[in-house]
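Beneath this line is the structure, given in structure tokens, with notes to follow.
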Amino acid sequence: MNKNSEIVHKQSVKPLFKPLTLKNLSLPNRIVMAPMTRSFSPNGVPGMDVAAYYRRRAENGVGLIVTEGTVINHPAATGDPNIPNFHGEAALNGWARVVKEVHEAGGKIIPQIWHVGITRRIRSEPNLEAPSISPSGIDLMGEKVGEPMTESEITDVIKAYAEAAAEAKRLGFDGVELHGAHGYLIDQFFWEKTNQRNDRYGGDLVGRTRFAVEIIEACRQAVGPDFPIVLRFSQWKTGSYDAKLAETPEQLARFLAPLVEAGVDIFDCSTRRFWEPEFDSSDLNLAGWTKKLTGKPTITVGSVGLESDFTSSTAENAVIDELLERLDRNEFDLAAIGRAMLADPAWAVKIREGRDEELIPYTSDLLNKLL
């Protein structure tokens, strides 16, 4: 990134503000609010403050909001009682309020549904006695910490994902995102280090997509053909930033093909720094390669709007020249903004109006505030 570039002028940001239609999802611009866990939902129930949080971003011109991770109906889906559920009457009523507020403000919103898998600590609330689950009972460090999931357990989790997707449609959300990145449960099946099964849910790179494929297929059956399904995936894992599912474009193509066939409409391609090339053979990033290989729309994410990458505790707003250039040449379709939008609910409208000098910089203490 060029840290000394001039401030982007209003007329330069046109690629970021082109409308986009994907299935029955019509977006006014290419700006996505990235999912960001905040743990502000006591007992798993999102309150009016959560609805107001998302409404503020919708009022300020965000094209699409992806909610923080919301957990499916499984006792070991989370180890944090303040992360919102996506099941149960109280939580679902809370999400209905969120949808209402966002839609009234003219926004579009999809929930990210999630199971953390083996990253959940044993004897964690809200279900102290529930054992954590994973494909092979192996944690992200490669240590044996439990038993592999049984096929019955796998079936139950797949059903819970489909039920959550159906609830998203019933509540009036504009689509649904499956969290298959960062070393959480779906990604634990993708990754050879954590998936050492020798049944149909393990094996080679394609074999390890089977769990995700069955989740996607079940969700598609639950929501019908026109409801957008987004899959977030990543190469890196929490604590293993150099991890790779695919070492080459050819491997990536093999990995993505069964996911496309299962019914993914949009890929949310999580990287640490969006400007870094995914493979040595090209300057395309992960979202660029995914779009090239599948023809599907993609979302890029990774320190967009920040001077430093996502591991830094503080960062300043940066110009977005490179993002705009890549959007303009159709390398990817949408750009997800995380911490910069956490810091400044009006990030999108300020960028559109050329008010860069008014942007509120992200600092780590903002995580402790409701913005």
Side-chain angles (χ1 to χ4, degrees), residues 32-57 62 65-99 101-102 109-130 132-133 140 160 164 167-168 173 176-187 232 234 237-239 268 270 301 310-315 336-345 362-371:
V32 176
M33 180 179 180
M36 291 175 283
T37 297
R38 301 182 307 130
S39 298
F40 282 175
S41 297
N43 300 312
V45 177
M48 288 303 299
D49 56 338
V50 175
Y53 167 79
Y54 288 115
R55 178 171 183 138
R56 278 193 290 276
R57 276 73 187 174
V62 174
I65 293 169
V66 184
T67 73
E68 61 212 279
T70 72
V71 295
I72 63 171
N73 189 12
H74 185 272
T78 182
D80 183 343
N82 296 311
I83 285 177
N85 294 329
F86 210 79
H87 59 87
E89 184 177 2
L92 292 174
N93 285 343
W95 285 117
R97 287 192 296 270
V98 171
V99 172
E101 293 290 331
V102 168
I109 184 168
I110 66 175
Q112 185 189 75
I113 56 176
W114 187 29
H115 192 304
V116 303
I118 204 65
T119 65
R120 172 184 175 270
R121 293 182 179 179
I122 302 297
R123 298 192 60 79
S124 293
E125 294 183 344
N127 299 306
L128 295 172
E129 302 305 318
S132 297
I133 62 171
L140 301 192
E167 292 289 10
F173 280 94
V176 65
E177 175 167 289
L178 308 174
H179 195 341
H182 306 167
Y184 297 117
L185 184 61
I186 293 175
D187 196 20
R232 169 170 270 208
S234 66
K237 322 297 168 199
T238 302
D268 183 357
S270 180
V301 62
F310 86 144
T311 60
S312 303
S313 60
T314 62
I337 318 299
R339 291 174 298 156
M341 195 169 291
L342 179 67
D344 194 337
Y362 170 88
T363 58
S364 58
D365 65 350
L366 289 173
L367 289 174
N368 301 316
K369 300 177 182 178
L370 180 61
L371 296 174

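Fair warning: this is a prediction, and the values are worked out from it, not measured in the lab.
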Return a table of donor-acceptor pairs under 3.5 angstrom between the side chains of residues 82-99 and protein atoms on other chains or two or more places apart.
| unit_1 | atom_1 | unit_2 | atom_2 | d |
| --- | --- | --- | --- | --- |
| N93 | ND2 | E89 | O | 3.3 |
| W95 | NE1 | N85 | O | 2.9 |
| R97 | NH2 | P46 | O | 3.4 |

Spatial distance of atom CD1 (I118) from atom CD1 (I133) [nearest 0.5 Å]: 8.5 Å

Which pair of heavy atoms, one from G180 and one from D187, lies closest together, and at what distance? O-CB, 3.5 Å

Measuring only between side-chain heavy atoms, which start at C-beta, is N43 closer than 4.5 Å to P126? no

For V301 and A34 the tightest heavy-atom approach is CG2-CB, 4.4 Å

Once you round to the nearest 0.5 Å, how far does CD1 of I113 lie from CG of N73? 12.0 Å

Report yes if some heavy atom in the side chain of Y53 is under 4.5 Å from a heavy atom in the side chain of R38; otherwise report no. yes

Verify, without hydrogens or angle tests, whether T238 (side chain) and G183 (backbone) share a donor-acceptor contact under 3.5 angstrom. no

Hey, is the main chain of P75 close enough, under 3.5 Å, to the side chain of N127 for a donor-acceptor pair? yes

Say you draw a straight line from CD1 of I72 to CG of L178; how long is it, rounded to the nearest 0.5 Å? 10.0 Å

Main-chain N/O of M341 paired to R57 side chain as donor or acceptor, under 3.5 Å: yes

side-chain hydrogen bond (donor to acceptor under 3.5 Å, both in side chains) with H115: which residues, sequence neighbours excluded? H74

Mind checking the CD1-CD1 spacing from I110 to I65? Nearest 0.5 Å is all I need. 10.5 Å

Flag side-chain contact, heavy atom, 4.5 Å: P35 against T67: no

Which salt bridge (Lys or Arg N to Asp or Glu O under 4.0 Å) pairs, counting each pair once, include a residue from residues 110-127, with sequence neighbours left out? R123-E129

So how far is it from F40 CZ to E68 CD, rounded to the nearest 0.5 Å? 9.5 Å

Value rounded to 0.5 Å, distance of OG in S124 from CG in D80: 9.0 Å

My understanding is that only one of H179, R232, M33, Q112 makes a side-chain contact (heavy atoms from CB on, under 4.5 Å) with V66; could you say which? Q112

Minimum-distance pair of heavy atoms, taken over all atoms of S234 and S270: CB-O, 3.4 Å

